[in-house]
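Whatever order the structure lists them in is the order used to number ligands and atoms, beginning at 1. Note that the structure is predicted; figures quoted are calculated from it, not measured.
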Amino acid sequence: METINWKELGFGYMKTDYNVRCYYRDGKWGELEISSSETINLHMGATALHYGQESFEGLKAFMGKDGRIRIFRMRENALRMQHSCDGIMMEKLPVEIFEEAVLKAVRLNKSFVPPHDSGASLYIRPLLIGSGAEIGVKPAHEYLFIVFVMPVGPYFKEGFKPTDLVIYRHFDRAAPHGTGKYKVGGNYAASMVSGQEAKHGGFSAVLYLDSKEKKYIDECGPANFFAIRGNSYITPDSESILPSITNKSLMVLAGELGLTVEKRKVPYEELATFDEVGACGTAAVISPIKRIFDADENREFVYGTEPGIWSTRLYNKLRAIQYGDEPDKYGWNAIVE
Ligand code: PLP
Ligand code: COI
């Protein structure tokens, strides 16, 4: 293995030693298979290729000071993938298969788990695709589940340094009764043109408004949105956003730190009232936001150029639990034996 400079890692694909696969054929899931190949052999008529029968997940493993590897809230990801299966009519993957495959993939690639003090982690990418051929628009009869992993650094290259978001009313990511609440590839395809425009404008991501009325805050392309005002942690309740496991965890930690948690519709106008704003997710962790630019109204909302006090406390607390520096009193970590 080439030497990896753990501290310089960004968020990108890297080949690791093994991946774990499981096939659904003839009405049943098979045994887990270990592979060292980076490619798959796929029927050209696979529903994943034509009709977007595809769901993925993202979770992370962390190296503790004690040399033990911890995987954060794996069951939540397994359950969310099942929810995505219901949303796009894929064969539901049993939670036990998801968990066993994730544990196996991490164990087999132990040497790629970044050291405790690097600030990096092992990103785990489970993927489920309709692999059976259909030419009419209907669900496949065969599915392939794969788990692969790679060491990663921060998703936004600035890491925990505040970045800028942009609002565009001429782009939508997901419709209110569409697939925004599922983790399916089509949502990400739908966010690429706007995401690219944002990057070219020097923004780290798009902050989407609700597609129907353009009155409420939804989320960012790859992360949920939260804000702090006074003693409140405020985060959108919306039918078209992904239920983030990081956000769910931050709501618990915010309560523990003495904040009141408000999960509700967040009107656009409230952007002018927040003390701190952040994007949160597995890849993004907490990414503080210093400015939101509304490109249609030519209006800006400015927050601190340094991470706010509550965002910093929440970030430190979440990281301490994930890296095993604080007791895991909610039982969020699975230890990889
Ligand atoms: N929202 C979207 C659209 C995402 O892709 C992600 C990433 O998974 C999130 C939110 C954050 O979710 P989680 O905290 O479960 O990673
Ligand atoms: C994650 O945070 O795990 C995600 O899936 C976001 C992503 C689009 C990289």
Backbone or side-chain N or O of F56 under 3.5 Å from ligand 2 N or O: no

Atom 2 (O) of ligand 2 has as its nearest protein heavy atom A283 N, 2.8 Å

Check: Y155 ring centroid to Y123 ring centroid under 6.0 Å: no

Considering only protein heavy atoms, which is closest to atom 6 (C) of ligand 2, and at what distance to one decimal place? P222 O, 3.8 Å

So which bit of K248 gets within less than 4.0 Å of ligand 1, heavy atoms only: side chain, backbone, both or neither? neither

For V336 and L103, what are the C-alpha separation, side-chain angles and deciding distance, and is it a side chain to side chain contact (heavy atoms under 4.5 Å, CB included)? CA-CA 7 Å; V336 182; L103 284 166; 4.1 Å; yes

For atom 8 (O) of ligand 1, closest protein heavy-atom neighbour: K183 NZ, 2.9 Å

Filtering G281, S191, P222 for the heavy atom nearest atom 6 (C) of ligand 1 leaves P222

Protein contact of atom 16 (O) of ligand 1 - nearest heavy atom, named by residue and atom, plus distance: T282 OG1, 2.5 Å

Nearest to atom 3 (C) of ligand 1, what protein heavy atom do you find, and at what distance? G221 O, 3.1 Å

Y233 ring center within less than 6.0 Å of F226 ring center: yes

Below 3.5 Å, N or O to N or O, backbone or side chain included: is there any such pair between Y188 and ligand 2? no

Against heavy atoms of K183, which atoms of ligand 2 measure under 4.0 Å? 4 (C), 5 (O)

Any side-chain heavy-atom pair from P162 and Y303 closer than 4.5 angstrom? no

Which of the atoms of ligand 2 are close to Y155, meaning less than 4.0 Å from one of its heavy atoms? 9 (C)

Does a side-chain heavy-atom distance below 4.5 Å link S249 with F72? yes

Run the numbers for me: atoms of ligand 1, each under 4.0 Å from some heavy atom of E219, listed by number. 1 (N), 2 (C), 3 (C), 10 (C)

Mark up the atoms of ligand 1 that fall under 4.0 Å of a heavy atom belonging to Y188, in ascending order. 2 (C), 3 (C), 4 (C), 5 (O)

Can you tell which part of E76 has a heavy atom less than 4.0 Å from ligand 1: side chain, backbone, both or neither? neither

Which atoms of ligand 2 are found less than 4.0 Å from any heavy atom of Y123? 1 (C), 3 (O), 4 (C), 5 (O)

Stacked cation flag R169 on Y268, 6.0 angstrom / 45 deg: yes

Below 4.0 angstrom from a heavy atom of R80, which ligand 1 atoms are there? Numbered from 1 as shown, please. 12 (O), 13 (P), 15 (O)

Part of R125 within contact of ligand 2 (heavy atoms, under 4.0 Å): side chain

Number the atoms of ligand 2 from 1 as they appear, then name those within less than 4.0 Å of a heavy atom of F11, with their elements. 9 (C)

